[in-house]
Every structure is written in C-alpha cells, then in structure tokens.
Amino acid sequence: MGEGSGGGERARSATVRVFIALAPPDDAKDELADALGPAYAAYPRMRWNRIEDWHITLAFLGELPVATVPLLRPPLADLAAARRPLELALRGGGHFDDRVLWSGIDGDLKGLHGLATEVRAVVAECGIPFEGRPLRPHLTLARARRDDPSSVLEAATGLAGFTGRRWRAGRLHLVGSDFGRGPGPIRYRDIESWPFGEA
C-alpha cells in the first residue's frame with residue numbers, strides 16, 4: 001500500500017461515528033429473531049445486522065473527533081436521569097427503497113419523539129453540528145446487495161404480521177462505530193449508557 005493509506009488510518013482513528021439510541025432488551029430481540037427465521041433461511045445473501053447491534057436511533061451525529069465525545073456524557077446522563085423509561089414494542093416490517101429492511105416501533109411514540117427532541121437539543125447545546133433528519137422510528141435489520149432488488153421487499157412482507165411484546169427502554173445509549181466500514185456489516189459498541197429515572 002502507498003503512503004496515503006497510513007495517513008487515512010490515522011485520520012480515521014482520531015474520529016468516531018456516533019449516534020444516540022435506545023436498545024430493545026434481549027428477550028424482545030429474540031422474539032423478533034425467531035420471527036425472522038424464515039427470512040434468514042430464504043435470503044442468506046442479505047447483509048444481516050447482528051442482533052446485539054439492533055437499536056433505535058434517536059440522533060445520528062455522524063463522524064466526530066474523538067475529543068468531542070466527552071462533551072456529551074454529562075448532559076446525556078442528566079437527561080436520562082430526569083426521564084421515565086418508555087414503553088415500546090417491535091411491530092411489523094418495512095423497507096427504505098429496495099435496500100434496507102426494518103422493523104417498526106409501537107407503543108409510546110409520542111414519548112419517543114419527545115425524547116429524540118430533547119436528545120437533539122442536548123447535542124445542539126454542546127455545539128456539535130449534525131443533520132437533524134425527522135425521526136422515523138425503526139430498527140434496521142438488513143441491507144440488500146445491489147444486485148438483489150427483491151429480497152428486502154419479500155422479507156418485509158413476511159414481517160408484516162409480527163407484533164412483539166411490550167418492553168421498557170431502560171437506558172439511553174451513546175454508541176460509536178470506528179471499525180467495520182468496508183463492504184461487510186458495521187459493528188457498534190456502547191461508548192456509555194445511562195439508566196432512565198424510575199417511574
């Protein structure tokens with residue numbers, strides 16, 4: 001490799017891709033994974049996200065300098081402590097374009113939108129610019145390959161009748177990804193998470 005690749009690696013290690021999210025509990029994820037069993041078998045070429053990486057994004061901040069991330073910790077901890085857990089559920093399925101398969105979110109959607117608004121206000125108060133796209137609550141499950149236009153549509157149809165049990169979103173997660181940026185699935189890790197206050 002040429003000299004440029006080393007510089008690129010150094011630049012990438014000084015930044016981290018960051019988002020703020022909620023995560024379903026393991027039993028809710030297992031319930032959805034069971035419902036996805038036929039799709040896993042039928043569409044093995046899709047890029048399936050790891051179950052442990054499933055999340056509901058509240059604010060996607062994109063690529064940030066690593067040194068910026070600590071600014072978010074205290075205000076996000078305070079925000080979580082001041083809020084009660086949300087009652088949510090995973091329900092149905094759908095797709096963005098013909099490439100991205102997702103499961104929908106049910107339950108306290110008003111509370112979810114309110115939490116996202118507060119999270120984004122914290123980010124803005126920290127002076128961190130980000131693209132504030134409207135919240136479309138979902139949980140991304142898989143991405144289709146470019147030469148496979150039908151798998152996502154068929155898998156979404158297979159999930160249409162899924163209704164998961166209710167669960168409490170008990171923690172607010174600050175999540176980073178600074179690896180897995182090639183053609184394979186992206187891998188995530190918690191930078192930190194904070195419990196919501198008790199009801």
Side-chain angles (χ1 to χ4, degrees), residues 17-44 46-60 76-77 79-96 99-120 133-144 151-177 180 185-199:
R17 185 177 296 156
V18 176
F19 58 90
I20 301 162
L22 303 176
D26 288 344
D27 52 356
K29 291 190 288 188
D30 290 344
E31 191 178 31
L32 177 56
D34 288 345
L36 283 169
Y40 287 144
Y43 313 112
M46 285 174 58
R47 295 188 178 100
W48 292 97
N49 289 0
R50 300 186 309 167
I51 293 173
E52 56 265 41
D53 289 337
W54 286 354
H55 62 271
I56 303 163
T57 300
L58 300 173
F60 180 74
L76 288 176
L79 171 58
R83 273 192 147 268
R84 292 182 297 177
L86 294 174
E87 296 274 347
L88 300 172
L90 302 174
R91 182 174 182 179
H95 55 89
F96 297 133
R99 297 288 307 283
V100 179
L101 174 69
W102 49 260
S103 175
I105 310 301
D106 199 3
D108 185 4
L109 297 182
K110 181 178 179 181
L112 184 62
H113 281 272
L115 175 61
T117 297
E118 292 181 26
V119 162
R120 293 170 184 213
R133 295 179 181 175
L135 181 68
R136 299 175 68 180
H138 68 280
L139 188 144
T140 300
L141 302 172
R143 288 170 174 79
S151 292
V152 162
L153 306 181
E154 293 165 7
T157 298
L159 266 186
F162 172 74
T163 300
R165 67 166 191 84
R166 292 280 178 127
W167 44 271
R168 299 178 90 204
R171 300 184 75 85
L172 183 65
H173 297 261
L174 180 64
V175 186
S177 170
I186 296 171
R187 303 290 190 233
Y188 306 111
R189 60 179 173 81
D190 262 12
I191 296 170
E192 197 163 340
S193 69
W194 303 273
F196 290 111
E198 288 304 313

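None of these values were measured; they are calculated from a predicted model.
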Notebook entry, point to check: Does some side-chain heavy atom of Leu172 sit less than 4.5 Å from a side-chain heavy atom of Val119?
Noted result: yes
Next item on the list: Test side-chain contact (heavy atoms from CB on, under 4.5 Å) on Asp27 and Trp167 and set out the steps.
Entry: CA-CA 9 Å; Asp27 52 356; Trp167 44 271; 5.6 Å; no
Notebook entry, point to check: If every non-hydrogen atom of Ala144 is compared with every non-hydrogen atom of Arg47, which pair is closest and at what distance?
Noted result: O-NH1, 4.2 Å
Margin query: I want to check something: taking the side chain as every heavy atom from C-beta on, are Leu112 and Leu22 in contact at a cut-off of under 4.5 Å?
Written below: yes
Margin query: With side-chain contact (heavy atoms from CB on, under 4.5 Å) as the criterion, how do Leu115 and Leu58 come out once you've worked through the C-alpha distance, each side chain's angles and the decisive distance to 0.1 Å?
Written below: CA-CA 8 Å; Leu115 175 61; Leu58 300 173; 3.7 Å; yes
Checklist line | Between NE2 on residue His55 and CG on residue Asp190, distance to nearest 0.5 Å | finding: 11.0 Å
Notebook entry, point to check: What are the two closest heavy atoms between Tyr188 and Ser177, and how far apart are they?
Noted result: CD2-CB, 3.8 Å
Item checked: NZ/NE/NH1/NH2 to OD/OE distance under 4.0 Å, Arg83 and Glu118 -> yes
Item checked: Over 12 non-hydrogen atoms of neighbours within 6.0 angstrom of CZ in Arg91 -> no
Item checked: Closest heavy-atom pair and its distance - Val100, Arg143 -> CG2-CG, 4.1 Å
Notebook entry, point to check: Does Pro25 reach the side chain of Arg165, with side-chain heavy atoms less than 4.5 Å apart?
Noted result: yes
Next item on the list: Can you measure from CG (Leu90) to CZ (Phe162) and round to the nearest 0.5 angstrom?
Entry: 5.5 Å
Checklist line | Check: Asp106 and Leu88 side chains under 4.5 Å, non-hydrogen atoms | finding: no
Notebook entry, point to check: For Pro24 and Leu139, which heavy atoms make the closest approach, and how far apart are they?
Noted result: CG-CD1, 3.5 Å
Next item on the list: Give the minimum heavy-atom separation between Ser103 and Gly92, together with the two atoms involved.
Entry: OG-O, 3.2 Å
Margin query: Please evaluate residues Phe60 and Ile20 with respect to the criterion side-chain contact (heavy atoms from CB on, under 4.5 Å), reporting the C-alpha separation (whole Å), side-chain torsions for both, the decisive distance (0.1 Å), and the verdict.
Written below: CA-CA 7 Å; Phe60 180 74; Ile20 301 162; over 6 Å; no
Check: For Pro195 and Ala80, which heavy atoms make the closest approach, and how far apart are they?
Finding: O-CB, 3.5 Å
Notebook entry, point to check: Below 4.5 Å, heavy atoms only, C-beta onward: do Leu174 and Ser193 meet side chain to side chain?
Noted result: no
Note to self: Are the side chains of His138 and Phe96 in contact, using a 4.5 Å heavy-atom criterion?
What the structure shows: yes
Margin query: Using modelled atom types and a 3.5 Å cut-off, is there a donor and acceptor pairing between side-chain atoms of Ser151 and backbone atoms of Tyr43?
Written below: no
Checklist line | NZ/NE/NH1/NH2 to OD/OE distance under 4.0 Å, Arg168 and Glu87 | finding: yes
Checklist line | Close side-chain approach of Met46 and Val152, heavy atoms under 4.5 Å | finding: yes
Next item on the list: With rounding to the nearest 0.5 Å, note down the distance linking CG in Asp34 to CD in Glu31.
Entry: 8.0 Å
Margin query: Once rounded to the nearest 0.5 Å, what's the spacing between atom CD1 of Ile191 and atom CG of Leu76?
Written below: 10.5 Å
Note to self: Test ring-ring contact (aromatic ring centres under 6.0 Å, His included) on His173 and Phe19; report intermediate values, then the result.
What the structure shows: CA-CA 8 Å; His173 297 261; Phe19 58 90; 9.7 Å; no
Next item on the list: Please round to the nearest 0.5 Å and tell me the distance separating atom CD of Glu52 and atom CZ of Arg189.
Entry: 15.0 Å
Checklist line | Heavy-atom side-chain proximity of Leu159 to Leu141 below 4.5 angstrom | finding: yes
Next item on the list: Report, as yes or no, whether the 6.0 Å neighbourhood of atom CZ on Arg166 holds more than 12 heavy atoms from other residues, nucleotides or ligands.
Entry: yes
Checklist line | Interatomic distance, Trp102 atom CH2 to His95 atom NE2 [nearest 0.5 angstrom] | finding: 8.0 Å
